[in-house]
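Note that these values count all heavy atoms, side chains included, but never hydrogens, waters or copies made by symmetry. All chains are named by letter (A, B, ...) in the order of the sequence lines, taking the proteins before the strands, and each is independently numbered beginning at 1.
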Number of protein chains: 2
Amino acid sequence: MTVDLDDTDRAILRHLQADARTPFSEIARQIGMSSATVHDRVTRMRDAGVIEGYHAKVDPRAIGLGTSAFVGLRVEQGSDAAVDRFVEHLRGLDGVQEVHLTTGDWDLLVRVFAEDTDDLRELLFENVANAEGFARSYTMVVLGTEHDDPALPV
Amino acid sequence: MTVDLDDTDRAILRHLQADARTPFSEIARQIGMSSATVHDRVTRMRDAGVIEGYHAKVDPRAIGLGTSAFVGLRVEQGSDAAVDRFVEHLRGLDGVQEVHLTTGDWDLLVRVFAEDTDDLRELLFENVANAEGFARSYTMVVLGTEHDDPALPV
DNA sequence: CATGAAAGAATGAGCAG
DNA sequence: CTGCTCATTCTTTCATG
């Protein structure tokens, strides 16, 4: 699971995190290596699971998802199995982007997207609060995203 | 800001969200259009800001970031200017990936990555809690990410 | 929105340090 | 073992209908 990465690998990762469609030849030029080498390193990092994928980042508002929120969720009698079943249910819901198990007041912290507050209410009341195992929720509506850099510090 | 997207655009977005390096020719084949058309649509959506970018998704653990957390933050006398200054400070910190303004108990909800709990403590105590305007924080350590789909439902 | 052509990139084999 | 050169194939890109 742990992978050895040298400075070359890290430089490549920085480029691909910033723009996953940068031509390998361009990355090669910038780090002073041949594109074959870049190709090689990238292949190795994909195979090793360091690079999990390449994804277009879409503006939620542009596709009509103007509302988003973080929702803290508590599951009844937070047993492992109960939480698992609940997570499975959440995973199937449109608009649920991330589900995290966390320490603190809730068992789960969930990131959701919705068209508007009506849509959000529907998602929460009809699809989350009605689910088996649900105990209570705490919704933090996102008023603004001030920073969102998909790149990790490599 | 609002852009009209037809079914073709949406199909293209689904492909690029799932794998941003899918050749346009392959997308074209799957949606029954020429690659020139796909190229055209993609260019338009990039220019319109619908597609904000393409990013490699890197496994945090593979690069030594085994710990992550959501941190709720309260800013002293939560005036706009005070929050803005605080956000600016957070933006400059390594490991701070997202900063959201939210409703609820905190002014800000922040997603952070760290090497381990020691590194997380350092980030929070030395770089966040010491900053001007800081009032209090509430840290939710991520014990597990059960779901993390970068694709929005288009 | 498609066709077709020109430019450029990805990919893989084999070679060199 | 790691990176490079080279050649093939495939993709991107753009002018045109």
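- Using a 4.0 Å heavy-atom criterion, one finds that B:Ser25 contacts the sugar-phosphate atoms exclusively.
- The interatomic distance linking A:Arg44 (CZ) with C:dT11 (P) rounds to 15 Å, in whole Å.
- For A:Pro23, taking side-chain heavy atoms from C-beta onward, the closest of the listed nucleotides C:dA10, C:dA2, D:dT2 is C:dA10.
- Spacing between atom NE2 of A:His39 and atom P of D:dT9 amounts to 16 Å, rounded to whole angstrom units.
- Going from atom CG of A:Asp40 over to atom C1' of C:dA9 covers 16 Å, rounded to whole Å.
- Between A:Ile31 atom CD1 and D:dT2 atom C1' there is a gap of 13 Å when expressed in whole angstrom units.
- Checking A:Thr37 against B:Arg21, the closest nucleotide of DNA chain D that is more toward the 5' end is the one next to A:Thr37.
- Taking atom CZ of residue B:Phe24 and atom C1' of nucleotide C:dA10, one finds them 15 Å apart after rounding to whole Å.
- If you take CZ of A:Arg29 and P of D:dC4, they are 15 Å apart, rounded to a whole angstrom.
- B:Ile27 places its CD1 atom 17 Å from the C1' atom of C:dC1, with the value rounded to the nearest Å.
- The interatomic distance linking A:Gln30 (CD) with C:dA9 (P) rounds to 13 Å, in whole Å.
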Could you walk me through whether B:Arg10 and B:Asp6 pass salt bridge (Lys or Arg N to Asp or Glu O under 4.0 Å), step by step?
CA-CA 6 Å; B:Arg10 271 184 266 271; B:Asp6 63 16; over 6 Å; no
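- The side chain of B:Ser35 lies closest to D:dT12 when the candidates are C:dT3, D:dT5, D:dT12.
- Distance from the side chain of A:Met33 is smallest for D:dC4 among the nucleotides D:dT12, D:dC4, C:dC1.
- Relative ring orientation between B:His39 and B:Phe24 is described as tilted, the plane-to-plane angle lying within the 30° to 60° band.
- If you find the closest nucleotide of DNA chain C to B:Thr8 and to A:Thr43, the one lying nearer the 5' end belongs to B:Thr8.
- Between A:Asp59 and A:Arg61, at least one side-chain nitrogen of the basic residue sits less than 4.0 Å from a carboxylate oxygen of the acidic one, meeting the salt-bridge criterion.
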Take A:Phe70 and B:His100, measure what ring-ring contact (aromatic ring centres under 6.0 Å, His included) needs, and give me the verdict at the end.
CA-CA 10 Å; A:Phe70 286 91; B:His100 304 277; 5.0 Å; yes
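- Checking the phosphate oxygens (OP1, OP2) of D:dG3, a side-chain nitrogen or oxygen of A:Arg41 falls inside 4.0 Å.
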Practice problem: Might you work through the salt bridge (Lys or Arg N to Asp or Glu O under 4.0 Å) test for A:Glu88 and A:Arg85, ending with a clear yes or no? | Solution: CA-CA 5 Å; A:Glu88 261 333 295; A:Arg85 254 178 285 122; over 6 Å; no
